[in-house]
4 protein chains.
Amino acid sequence: MEPIAEKKKLILESALALIKDHGFHGCPMSMMAKNAGVAAGTIYTYFDSKDDLIGELFFYAKSIIFNHVSGSDDPSLDFKTRFFNYWNNLSELYLDRPEIQSFFEQFMISPFNTREIQNADSPWHDWNSNFFQEGIDKGILRNLSPDILFIMVIGSVNSMSKVRQNFSEKVAERGIDLNQLAEMTWDAIRKQ
Amino acid sequence: MEPIAEKKKLILESALALIKDHGFHGCPMSMMAKNAGVAAGTIYTYFDSKDDLIGELFFYAKSIIFNHVSGSDDPSLDFKTRFFNYWNNLSELYLDRPEIQSFFEQFMISPFNTREIQNADSPWHDWNSNFFQEGIDKGILRNLSPDILFIMVIGSVNSMSKVRQNFSEKVAERGIDLNQLAEMTWDAIRKQ
Amino acid sequence: MEPIAEKKKLILESALALIKDHGFHGCPMSMMAKNAGVAAGTIYTYFDSKDDLIGELFFYAKSIIFNHVSGSDDPSLDFKTRFFNYWNNLSELYLDRPEIQSFFEQFMISPFNTREIQNADSPWHDWNSNFFQEGIDKGILRNLSPDILFIMVIGSVNSMSKVRQNFSEKVAERGIDLNQLAEMTWDAIRKQ
Amino acid sequence: MEPIAEKKKLILESALALIKDHGFHGCPMSMMAKNAGVAAGTIYTYFDSKDDLIGELFFYAKSIIFNHVSGSDDPSLDFKTRFFNYWNNLSELYLDRPEIQSFFEQFMISPFNTREIQNADSPWHDWNSNFFQEGIDKGILRNLSPDILFIMVIGSVNSMSKVRQNFSEKVAERGIDLNQLAEMTWDAIRKQ
DNA sequence: GATGAATGAGTGTTCATTCAT
DNA sequence: GATGAATGAACACTCATTCAT
């Protein structure tokens, strides 16, 4: 993949930040342009349409997640440790860059998420398949499809992050410890 | 709660169905009206605004979930069976009425989900608190906050249903058995 | 003229009061109906349309003015006294029932004021013609058309009332004495 | 004050013309746009809303009146001549551009005429205060507040213009000479 | 490439009027 | 006669997109 042009990246990041606060439909192209410091028309030099921009944002955001999680994995460690690293890295990313999580949630359930995009190659998905397959092969994880382990884990991280982001007050006031979900999820996927 | 007027319910169901396919912003009031077989202006006899309609839809959808799940619970059974019933009932509801799950996911992350609505009384949440507390008290579930068990379970059901709905082809072609998530989730919440 | 039906009068008065505060276009038929204590549809038993209602209101309001001013005129007094009585009566009416003045102002410059309505018989105009003609015949008023004297006087009263109603604060704070306009207007119409 | 952008002025003049014939509420933004030869959305490049447009129109119209009347005043002439020039200039302006008078009348009694706008600085009002004060100081006008002289005069001009505009046929057929109102008004304000 | 004024289809909402009860 | 739910045309305003500069 060729590196993203400077101004294009500027627009993507600007859009990402705004979408978190206003949602897809609360972000006119003009707002994204202004926030990125370019004219409205300029966006169309880099993207065909708003749909296109959001589609590219999906791959952009996914690559950030992929790089963050896979880049921090150390295959020389024991698998349980690697799993908790995985969990913590992803959790941390969502905490540091809530706009990424927010974008993903919105995108996955939006009409922008076309069948075409779903079927596109995904290094992130491939990496996960390999990761969980390794755990299976080592006899540490349940002997199930790596896909289902991935679904279990990613569902839990997302659920946790969503609660952390949207119900922070309630979490605090009731003293809920969201980190316990990592342990629980480990028990869900490990060989019993 | 007084029963919902016939036409009001018609509009709510019509809206629910359309939102699944087009999203909040892809559903003009005119489309919802047409689909419900009423004139555009008629919606405003029953709802103050689109925001109001969607807000009411939230309580409507939540009550459907609540009734479906709590109504099928049999407290005389052993807790593990009750859990799998819970899971299956919710899973079934999401399968039969995907528009309910879809609406919920969209609503939760949308600007319609105001703090006011979040803080409103929720029989569904209360029922879940009691349900999981019972499992804890019986020494069957982990001794954690019932809230966190709820988050774990609901996250898994949602994740499963989302995959089932959006990636049905891939699930079939790879022979993924999503029911395994129920077992995994049970292992996540049961006392180890 | 036959007496106005009880409910019809109720609607007219209700409309008059609302129009003062909200203007023609700020008064939906439903608001007028509610304010009159009848159902929206009931208005159409008495009036063909909103235009019709407003048209009738014009004649209704004009008859109130006519009755008030002509009914208090005492032809046995000297003409100057009669003029000041005229002025004071009209001024008083506008003060007591600002909705009448307000309606008139709005009506005169609105598209409701059709040529047809303008050409309708007007006891109020006839009475004024006679009144000012009398002053001319007695050699007290300028020897001009009674119409022009009427225009002069009615313009001054309206101007005064408008200022009194819309700029009451400024009038008070600057100590403006609006009654002086009566004297001035008298000097404008009397034989020099 | 910076000069008004070409297209903005086009829209203002177009609106002014239409409001005379249709009233504020009879003029959709789309009609104003079409009449100005621009797209509906273009209006919003120059004005925030219809309210804003009408508010600006008020200042625009007032400045036209101010420029026309004050620009033709020659302080070296004797005061009576200056008064008749004032009257004639204003009368002439209202004759040439009836839309200005019409707009003013509608605006003054409409909800657009907010307290805020009423309290705004007004070169037109200030100029009038000075003008009439001069007449008082010279011992030519009645020794009253310049405000009340202003009210008297402006009321007469408006009354005359309104009659001239709305009842032109009747005025002609009855041979009414509206210019006589200038003389009458002079007698109303001059020192007796 | 960059700009931002202009476009106009599309949206939520209002309200005069109708008509079944 | 009285009701008020239902209607649907009309409106103010938004915003993705274009294009002359």
Side-chain angles (χ1 to χ4, degrees), chain A residues 5-8 11 24-34 36-54, chain B residues 5-8 11 24-34 36-54, chain C residues 5-8 11 24-34 36-54, chain D residues 5-8 11 24-34 36-54:
Chain A
E6 193 52 43
K7 199 163 282 189
K8 187 168 183 175
I11 294 168
F24 290 152
H25 294 276
C27 288
M29 293 296 257
S30 57
M31 188 192 276
M32 295 177 182
K34 193 175 182 185
V38 302
T42 305
I43 294 186
Y44 290 85
T45 305
Y46 300 98
F47 304 94
D48 288 343
S49 64
K50 192 175 184 178
D51 280 28
D52 182 42
L53 191 163
I54 289 176
Chain B
E6 195 50 46
K7 198 160 284 186
K8 188 168 184 175
I11 295 168
F24 291 150
H25 294 275
C27 288
M29 292 298 258
S30 57
M31 189 192 276
M32 294 178 183
K34 195 174 181 184
V38 301
T42 304
I43 294 187
Y44 292 87
T45 304
Y46 299 97
F47 304 95
D48 287 343
S49 63
K50 192 175 184 177
D51 280 31
D52 181 42
L53 191 164
I54 290 176
Chain C
E6 194 52 43
K7 199 164 280 189
K8 187 168 184 176
I11 295 168
F24 291 151
H25 293 277
C27 288
M29 293 295 259
S30 56
M31 189 192 276
M32 294 178 183
K34 193 176 181 186
V38 301
T42 304
I43 294 186
Y44 290 85
T45 305
Y46 300 98
F47 304 95
D48 288 343
S49 64
K50 191 175 185 179
D51 280 28
D52 181 43
L53 191 163
I54 290 175
Chain D
E6 195 50 46
K7 197 160 284 188
K8 187 169 185 175
I11 294 167
F24 290 151
H25 293 276
C27 288
M29 294 297 258
S30 56
M31 189 192 275
M32 294 178 183
K34 195 174 183 184
V38 301
T42 303
I43 294 186
Y44 293 87
T45 306
Y46 300 96
F47 304 94
D48 288 341
S49 63
K50 192 174 184 178
D51 280 29
D52 182 42
L53 191 163
I54 289 177

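Each chain gets a letter, A, B and so on, in the order its sequence line appears, and its residues count up from 1.
- Counting all heavy atoms, side chain and backbone alike, D52(C) lies closest to F47(C) at OD2-CA, 3.4 Å.
- The interatomic distance linking E6(A) (CD) with dA2(E) (P) rounds to 12 Å, in whole Å.
- Checked against dT18(E), dT13(E), dA16(F), the side chain of Y44(C) finds its nearest nucleotide in dT18(E).
- Comparing atom distances between the T45(D) side chain and each of dA2(F), dA6(F), dA5(E) picks out dA5(E) as nearest.
- Of all heavy-atom pairs between A33(B) and A40(B), the closest is CB-CA, 3.6 Å.
- Atom pair H25(D):NE2 and dC11(F):P shows a separation of 12 Å (rounding to whole Å applied).
- Annotation: of the two residues near DNA chain F, F24(A) and G41(B), the 5′-most nearest-nucleotide partner is G41(B).
- In this structure, L53(C) atom CG and dC15(E) atom P are separated by 16 Å, rounded to whole Å.
- Listed nucleotides dT3(E), dA16(E), dA5(E) differ in distance to A39(A); the shortest reach to its side chain belongs to dT3(E).
- Considering only the side chain of V38(B), dT7(F) comes nearest among dC13(F), dT7(F), dT3(F).
- Base pairing of dA2(F): its partner is dT21(E), meeting the Watson-Crick or G-U wobble criterion (both donor-acceptor distances under 3.5 Å).
- Mapping P28(B) and S49(C) onto DNA chain E via the closest heavy atom, the residue that lands nearer the 5' end is P28(B).
- Side-chain atoms of K50(D) come within 3.5 Å of backbone N or O of F24(D) as a donor-acceptor pair.
- When rounded to the nearest whole Å, the span between CE of M31(C) and C1' of dT14(E) equals 12 Å.
- Atom CE in M32(A) sits roughly 8 Å away from atom P in dA16(F) (whole-Å rounding).
- What separates NZ of K34(B) from C1' of dA9(F) is a distance of 16 Å, to the nearest Å.
- Residue contacts shown for K7(C) are limited to sugar-phosphate atoms, with no base heavy atom under 4.0 Å away.
- One interatomic measurement links the two molecules: CE of M29(D) to P of dT7(E), which rounds to 14 Å at whole-angstrom precision.
- Taking atom CD1 of residue I43(C) and atom P of nucleotide dA5(F), one finds them 15 Å apart after rounding to whole Å.
- Within the 4.0 angstrom heavy-atom criterion, only backbone atoms of the sugar-phosphate kind lie near Y46(C); the bases stay farther away.
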- Task: Step by step, work out the side chain to side chain contact (heavy atoms under 4.5 Å, CB included) result for T45(D) and K7(D).
- Result: CA-CA 10 Å; T45(D) 306; K7(D) 197 160 284 188; over 6 Å; no
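- Within 4.0 Å (heavy atoms only), T42(B) reaches at least one base atom of the nucleic acid.
- Residues G26(C) and M31(C) come closest through the heavy atom pair O-CE, 3.7 Å.
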